[in-house]
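For ligands, and for the atoms within them, numbers begin at 1 and follow the listed sequence. Computed from a predicted structure; not experimentally measured.
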Amino acid sequence: MPDLSRITCIEDLRVIAQRRVPKMFYDYADSGSWTEGTYRANESDFQKIKLRQRVAVDMEGRSTKSTMIGQEVTMPVAIAPTGLTGMQHADGEILGARAAKAFGIPFTLSTMSICSLEDIAEHTGGHPFWFQLYVMRDRDFIERLIERARAANVSALQLTLDLQILGQRHKDIKNGLTAPPKPTLTNLMDLATKPRWCMGMLGTKRRTFGNIAGHAKGVKDLSSLSSWTAEQFDPTLSWADVEWIKKLWGGKLILKGVMDVEDARLAAASGADALIVSNHGGRQLDGAPSSIEALPAIAEAVGTEIEVWMDGGIRSGQDVLKARALGARGTLIGRSFLYGLGAFGEAGVTRALQIIQRELDLTMAFCGRTQIDEVDSSILLPGTF
Ligand SMILES: Cc1cc2nc3c(=O)[nH]c(=O)nc-3n(C[C@H](O)[C@H](O)[C@H](O)COP(=O)(O)O)c2cc1C
């Protein structure tokens, strides 16, 4: 195990990930759509919110423990679904799921993961995890995927609603993103500077979309796989499909990608267990508000009917606390997780979680609170949110 005691913030992990992960995959993580304005605002809008420092309050016996859809969590943070995670580090999804299990928070596997549902089940001893579903045109494939999720002991389904079509990310186009990378001269020169990553990849058989390859009709090789995935995101997705998925799955359902109060009302009326205020980490509609800006109105409108969570821009435990204060019962982290993974594998994910929990715990104390479940907007300075 590497000694990570001098890694003190998520930014440290980001810098190391940038050195260790091939450019194509680092850029895939560290980017937003078009001007990346929404991507940047997700982080910078957190900075505008100021905390009220309180003193001479008994700070003993603090706890960051809470629940998300009834599940006990060490802190109100889950790992968000991220595609191609097994390209940030060999077997990345397995490592992330293991770190989350040991820390006591939920891990979400993406439909577009490298490691499959079955891989996660096998390597975490059948520990329950969450699965994120993209609705594809091939509905038979979706039905089978849901069956596979059930067999893998998935305990909640996250249905992503904000990717019927793909937002344009300039870097991915310029880098010619594929999994695995094509052996072009540029890629080979880049890989030559990433020996750890290459060694990891040589030691695993998991190098392409594990939930799809060998499971979707007509997908035999890499080129048929890329054309299948490019054509499969279903632009016709509607609330009727949400109802269909809800019936088919029958378990806990989380709706991801809600940014508007009207949609939040529809999400609450759908009978789902939670909604995630999310702009997909600034990767879809550039020009949408940051998630933390959209959160308060949504929490106010539907927070008593459905659990409201948020993701986007969380790089510190302070951000988690601010989100909680503004009505998010739970939060999810995408890039903070990926940077830890890309930098040091499983140990890096664990370090990212430790950093966030410590920041959350200390900030809570400075704001005069000992229990995360007692935090509300009174910890924030009026006029700054
Ligand atoms: C590299 C990357 C891949 C992602 N892939 C998916 C995905 O497959 N499914 C999904 O619902 N969201 C996906 N997301 C969005 C995340 O689930 C989450 O909403 C976002 O990362 C939160 O913002 P943050 O990265 O600032 O924490 C992805 C995000 C990133 C950064």
- Under a 4.0 Å N-O cut-off, is there an ion pair linking Asp12 with Arg6? no
- Which protein residues have a heavy atom closer than 4.0 Å to any atom of ligand 1, listed by chain and number? Tyr28, Ala29, Ala80, Pro81, Thr82, Gly83, Ser110, Gln132, Tyr134, Thr160, Lys256, Ser278, His280, Gly281, Arg283, Asp311, Gly312, Gly313, Arg315, Ile333, Gly334, Arg335, Leu338
- Would Trp309 and Trp130 count as a close aromatic pair, with their ring centres under 6.0 Å? yes
- Item | Under-4.0 Å salt bridge between Arg150 and Glu147 | yes
- In Glu93, Glu346, Glu122, the residue satisfying salt bridge (Lys or Arg N to Asp or Glu O under 4.0 Å) with Arg98 is Glu346
- Query: Between Arg283 and Tyr28, is NZ or CZ placed under 6.0 angstrom from the six-membered ring centre and within 45° of the ring axis?
  - Reply: yes
- Task: Taking only Lys NZ, Arg NE, NH1 and NH2, and the carboxylate oxygens of Asp or Glu, determine whether Lys205 and Asp91 approach each other closer than 4.0 Å.
- Result: no
